[in-house]
Student: 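The structure that follows is given in the form of structure tokens.
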Amino acid sequence: MTAGFVMPQISLAQTDGNFPKIANYYIAWEVGDKEIEELAKWDLVILSPQALAANPQAVTKLKQKNPNIKVLVYVLIQEISTDSNIYNSVDFYQKIYQAVSQNNWWLKTPDGQNVYWWPGTNLINATSVAPKANGQSWNDFLAPLVNDQYLKNNLVDGIFYDNAWSQVSWVIKARNYSGFDVNADGAADSEVFVDQKWQEGLKNILSQTKSLAPDKIVIINTNDNFYNSLINGRMRESFPATSEGNWTNNMRNYLSADFGYEPELYVINGTTSNTGNNSDYQTFRFGLASTLLGNGYYSFDFGDMGHNFTWWYDEYDVFLGKPVTDKKNLLNQSTTEVQPSVWQRDFQNGIVLVNSTGTEQKVAFTSEYEKIKGTQDKATNNGAIVKNVNLKAEDGLILLRRVEDVLSNVYINGSFVRPYNKRGEAVRNGFFLYDKNYKGNQALEKKDINKDGQQEIIVADNSKITIYDGNQKVITTFYPYGDKYNKGINFSINDFENDGYFEIITGAGRGYAPLVKVFNYKGEAQGDGFYAYAKGYLGGVNVAVCTTKGNGNKEIVTGAGYMGGPQVRIFDKNGKVLSGGFFAYGTTFRGGVNVACGDIDANGIDEIVTGAGFGGSSHVRMFNSKFEALNPGFFAFGKDTRTGVRVFLADLDNDGAKEILAASPDVFTTAINK
């Protein structure tokens, strides 16, 4: 959790969940396990009937990997391929082709010629005046079929109707047809009549779909808001598409969209314009940042010639949290009307900028922000701390709020800290943790430990622990190992009883026996404590608290101190050994091991994170509840250091997964001299 930023109390509609919200318009014909592994990272995925026919377990597997993912099925609302390899291999398409062919539901010219827009397909007569066969026309037939085939499946979240045009007469000129005969009277109908009856037919399909499956999501691909009242949302393909005008017109339609059903979903699909240049990061950012001015989902892929890619970008790993403001016009603050300008929107964990003008713009801030630390466009996402940026024409940028403090975690005052994710990748710039109200090199934590609604500050020096209130007034002081003790104290705080009152667990420092003790929030001892290792060993003991089983039961995790082997052990709060544990590093290493606990992958089960003790390198490792190493670990400050590394965990961006904070044992010099 970050501090130093007061969150505005603003309520905005449709702002549930994390931003950016990302979608994958993935209509490849096959989806294997490798693709499912990738697609599960998105918030919303659109899959083709071909893929579902080839892999009937695809949706189940996606939901197993990401229970929150929304899965929609792709359906063409007004055409079907004439390739028999397609419609004969997929039961859904076979039923459509047979029905349309047998009942002659094709859209035709006055001389009876079938018509098309996309090569290799034929258009279907979706109008309300289309001739019926057996009491049905196309706009009566499609919705029940979609419902039976897909929407009755509890795992499928909804349907994506492609090409739900509000007009069809434009195809006449686009393909040089003499006209359309939609009512089968042998004469060309007026374009006004054709479009009116087309709209009535599509409205019937959409209304039927919602009537048959009222709890399912229905979104459409179209270039206007004509059908909005009948659906949950729409897609703007190939953003910013010229069919909807320029960026301004696209954004006006996006930001003003009001749909008839909840949840409301708007997908903006940016593309490479069929070039396949997935390293066109500026185009990618422009679309993403524009999407973030509203509450929609962003998709980026090849173009209308191919929607079957799992390209991943640095910005997708960002957790902005919820928006806390609406869009702001930085060049004309008197209006929020969409126009070419520089736009900003504020989120819990950062801000988004969009330059929709034709010239580069400089943006200055009253406080510092941090650029994303990425691996792709390193000139832009270089992790720099900035008070101003130059934003290119038609470009966008995500900036993060700086971390100024860490709550609910013990850290050494004056430490330099580097944040990493579970894969050992640096996710933010390093920063100093230093509270000027307390001495450097003291261990401290800020947390409400007595259920009074106020944050206390718990500070440990070489001999005692002092608890302060929010005004730095001393609440209590106690000496865990007696008032003659001066070997240092490390501690952890946890609520063993889940009653809102927290216990303080202490470990003795180097030069003392490995005695662990538990105190209540008043500093009163809860028993005599226990020795985590041999009583005669005088290297001290490091402590943390875990719930490694995911059952809510708290365990005390210990790491041997200096001159001890890197043994990690597990105890209950009374000192009963729950596990002899494991050696986090080589058994011959005698620097001990620092320990921390927390959920680093948001699965509800804590992992144990270790840092090598003094004399070792800055090697950080992660272990699951079976004490299995998750990976080889990483070196937070290089392989050649020999002062070890302290570790603690904190959810810096509130995404549910804790970051690993590696702290240098050398503290900020100024802090020591306070």
Side-chain angles (χ1 to χ4, degrees), residues 21-28 42-51 70-81 96 116-118 121 123-124 126 138-139 142-143 146 150-151 156-168 170-171 174 195 198-199 201-203 205-207 209-210 216-245 249-251 253-254 257 259-261 263-271 273-274 287 290-291 294 296-309:
K21 298 191 288 187
I22 56 176
N24 197 312
Y25 187 13
Y26 194 86
I27 52 175
W42 271 262
D43 300 304
L44 182 150
V45 171
I46 299 167
L47 297 178
S48 70
Q50 294 98 316
K70 294 181 175 66
V71 181
L72 308 183
V73 180
Y74 174 92
V75 171
L76 283 161
I77 202 169
Q78 42 51 281
E79 64 187 349
I80 187 172
S81 173
I96 290 176
Y116 76 96
W117 158 244
W118 194 262
T121 66
L123 285 170
I124 300 171
W138 171 250
N139 67 75
L142 180 59
V146 165
Y150 298 117
L151 297 183
V156 171
D157 295 285
I159 210 77
F160 171 79
Y161 281 128
D162 195 13
N163 293 342
W165 307 327
S166 59
Q167 296 178 327
V168 70
W170 59 271
V171 178
D195 288 335
W198 179 269
Q199 292 165 2
L202 262 62
K203 284 182 177 180
I205 293 173
L206 298 174
S207 297
T209 305
K210 288 302 294 185
K216 298 291 185 174
I217 296 167
V218 178
I219 71 172
I220 62 176
N221 186 13
T222 184
N223 59 8
D224 57 38
N225 289 331
F226 185 80
Y227 298 112
N228 281 14
S229 64
L230 304 174
I231 54 179
N232 294 88
R234 56 168 288 217
M235 175 186 284
R236 171 63 275 172
E237 190 176 11
S238 301
F239 175 88
T242 56
S243 61
E244 207 162 341
N249 289 342
N250 276 250
M251 290 299 293
N253 279 345
Y254 164 46
F259 299 104
Y261 298 90
E264 295 187 3
L265 306 178
Y266 202 115
V267 180
I268 286 184
N269 170 236
T271 75
S273 300
N274 296 320
S290 297
T291 305
Y297 292 75
Y298 184 61
S299 158
F300 187 78
D301 57 28
F302 186 88
D304 60 7
M305 299 295 291
H307 296 292
N308 57 338
F309 294 86

Student: Is a side-chain donor-acceptor pair under 3.5 Å present for Asp224 with Ser166?
Tutor: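 There is such a pair between these side chains.
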
Student: How many angstroms lie between atom OG of Ser299 and atom CD of Glu237, to the nearest 0.5 angstrom?
Tutor: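 CD of Glu237 is found 9.0 Å from OG of Ser299.
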
Student: Going from CG on Asp195 to CH2 on Trp170, what distance comes out if it is rounded to the nearest 0.5 angstrom?
Tutor: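 Interatomic distance, Asp195 CG to Trp170 CH2, rounded to 0.5 Å: 11.0 Å.
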
Student: What is the distance from atom OG of Ser238 to atom CZ of Phe302, rounded to the nearest 0.5 Å?
Tutor: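 If I round to the nearest 0.5 Å, the distance is 11.0 Å.
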
Student: What salt bridge (Lys or Arg N to Asp or Glu O under 4.0 Å) pairs are there with at least one residue in residues 227-236, not counting sequence neighbours?
Tutor: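 Pairs touching residues 227-236 that pass the test: Arg234-Glu244, Arg236-Glu244.
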
Student: Is the shortest side-chain heavy-atom distance between Trp42 and Lys70 below 4.5 Å?
Tutor: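 Counting from C-beta outward, Trp42 and Lys70 never come under 4.5 Å.
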
Student: Is any side-chain heavy atom of Ile80 less than 4.5 Å from a side-chain heavy atom of Thr121?
Tutor: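 The answer is no, as the side chains (C-beta and beyond) never meet within the 4.5 Å cut-off.
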
Student: Hey, is the main chain of Pro263 close enough, under 3.5 Å, to the side chain of Asn232 for a donor-acceptor pair?
Tutor: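 Side chain of Asn232 to backbone of Pro263: a pair is present.
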
Student: Could you tell me whether the side chain of Asn225 and the main chain of Asn253 form a donor-acceptor pair under 3.5 Å?
Tutor: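 Yes; at least one donor-acceptor contact below 3.5 Å.
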
Student: If we ignore angles and hydrogens, is there a donor and acceptor under 3.5 Å between the side chains of Tyr161 and Thr209?
Tutor: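 Their side chains do contain a donor-acceptor pair, which is all the 3.5 Å distance test asks for.
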
Student: Answer whether the closest heavy-atom distance between the side chains of Leu72 and Leu47 falls below 4.5 Å.
Tutor: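 SC-SC contact between Leu72 and Leu47 ruled out.
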
Student: Mind checking whether Asn269 and His307 have side chains closer than 4.5 Å, heavy atoms only?
Tutor: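 Yes, their side chains come closer than 4.5 Å.
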
Student: Tell me the closest heavy-atom pair linking Asn250 and Pro240, and the distance in Å.
Tutor: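 Closest pair (atom of Asn250, atom of Pro240, distance): OD1-CA, 3.6 Å.
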
Student: Going by the rule salt bridge (Lys or Arg N to Asp or Glu O under 4.0 Å), which residues pair with Asp157 if we only count those two or more places apart in sequence or in a different chain?
Tutor: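 For Asp157 the salt bridge (Lys or Arg N to Asp or Glu O under 4.0 Å) partners, ignoring immediate neighbours, are Lys63.
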
Student: Could you tell me whether the side chain of Ile77 reaches within less than 4.5 Å of the side chain of Ile220, counting heavy atoms only?
Tutor: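 Side-chain contact under 4.5 Å: no.
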
Student: Any donor and acceptor pair, going by atom type alone, linking the side chain of Ser48 with main-chain N or O of Ala28 inside 3.5 Å?
Tutor: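 A pair under 3.5 Å: yes.
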
Student: Does any N or O in the side chain of Asp162 come within less than 3.5 Å of the main-chain N or O of Leu76, such that one atom is a donor and the other an acceptor?
Tutor: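 It does not hold such a pair.
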
Student: In this structure, is the centre-to-centre distance between the rings of Tyr266 and Tyr297 below 6.0 Å?
Tutor: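 No.
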
Student: Does the Trp198 side chain pair with the main chain of Trp165, one donor and one acceptor, at a distance under 3.5 Å?
Tutor: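 Looks like yes, one N/O pair under 3.5 Å.
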
Student: If you take all heavy atoms of Ala126 and Leu202, which pair is closest and at what distance?
Tutor: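 Distance-wise, the nearest heavy atoms are CB-CD1, 3.6 Å.
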
Student: If you round to the nearest 0.5 Å, how far is OG1 of Thr242 from CG of Asn249?
Tutor: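 Asn249 CG to Thr242 OG1: 11.5 Å, rounded to 0.5 Å.
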
Student: What's the shortest heavy-atom distance between Ala164 and Thr222, and which atoms?
Tutor: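 Shortest heavy-atom separation between Ala164 and Thr222 comes out as O-OG1, 3.0 Å.
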
Student: Show the nearest heavy-atom pair for residues Tyr150 and Pro49, with the distance to one decimal.
Tutor: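 So the two residues come closest at OH-CB, 3.2 Å.
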
Student: So, Tyr25 versus Phe160, ring centres under 6.0 angstrom or not?
Tutor: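 When the ring centroids of Tyr25 and Phe160 are compared, they turn out to be within the sub-6.0 Å range.
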
Student: Closer than 3.5 angstrom, by distance alone: can the side chain of Lys216 be matched with the main-chain N or O of Val156 as a donor-acceptor pair?
Tutor: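 Between the backbone of Val156 and the side chain of Lys216 there is a qualifying donor-acceptor contact (under 3.5 Å).
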
Student: Heavy-atom distance under 4.5 Å between the side chains of Lys21 and Leu44, does that happen here?
Tutor: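 A side-chain contact is absent here, since even the closest heavy-atom pair is not under 4.5 Å.
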
Student: Cut-off 3.5 Å, side chains only: do Asn221 and Asn163 have a donor facing an acceptor?
Tutor: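 No, because no side-chain N or O of Asn221 sits under 3.5 Å from a partner of the opposite role on Asn163.
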
Student: Identify the two heavy atoms, one from Trp117 and one from Ala174, that lie closest to each other, and give their separation to 0.1 Å.
Tutor: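 Looking at all heavy atoms of both residues, the closest pair is CZ3-CB, 3.8 Å.
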
Student: Mark yes or no for whether Tyr254, through its side chain, and Thr291, through its backbone, hold a donor-acceptor pair below 3.5 Å.
Tutor: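 It does hold such a pair.
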
Student: With side-chain contact (heavy atoms from CB on, under 4.5 Å) as the criterion, how do Trp138 and Ile96 come out once you've worked through the C-alpha distance, each side chain's angles and the decisive distance to 0.1 Å?
Tutor: CA-CA 9 Å; Trp138 171 250; Ile96 290 176; 3.7 Å; yes

Student: Does any non-hydrogen side-chain atom of Glu79 lie less than 4.5 Å from one of Tyr116?
Tutor: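 Result no, sub-4.5 Å side-chain heavy-atom pair not found.
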
Student: For residues Phe259 and Leu265, report the shortest heavy-atom separation together with the two atoms involved.
Tutor: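 Closest heavy-atom pair between Phe259 and Leu265: CE1-O, 4.1 Å.
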
Student: Heavy-atom distance under 4.5 Å between the side chains of Ile27 and Ile46, does that happen here?
Tutor: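 The answer is yes; the side chains approach within 4.5 Å.
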
Student: May I ask you to check if Lys210 and Tyr261 form a cation-pi contact, with NZ or CZ under 6.0 angstrom from the six-membered ring centre and within 45° of the axis?
Tutor: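 Lys210 over Tyr261 ring: yes.
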
Student: Drop me the distance from Ile205's CD1 to Leu230's CG, to the nearest 0.5 angstrom.
Tutor: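 If I round to the nearest 0.5 Å, the distance is 11.5 Å.
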
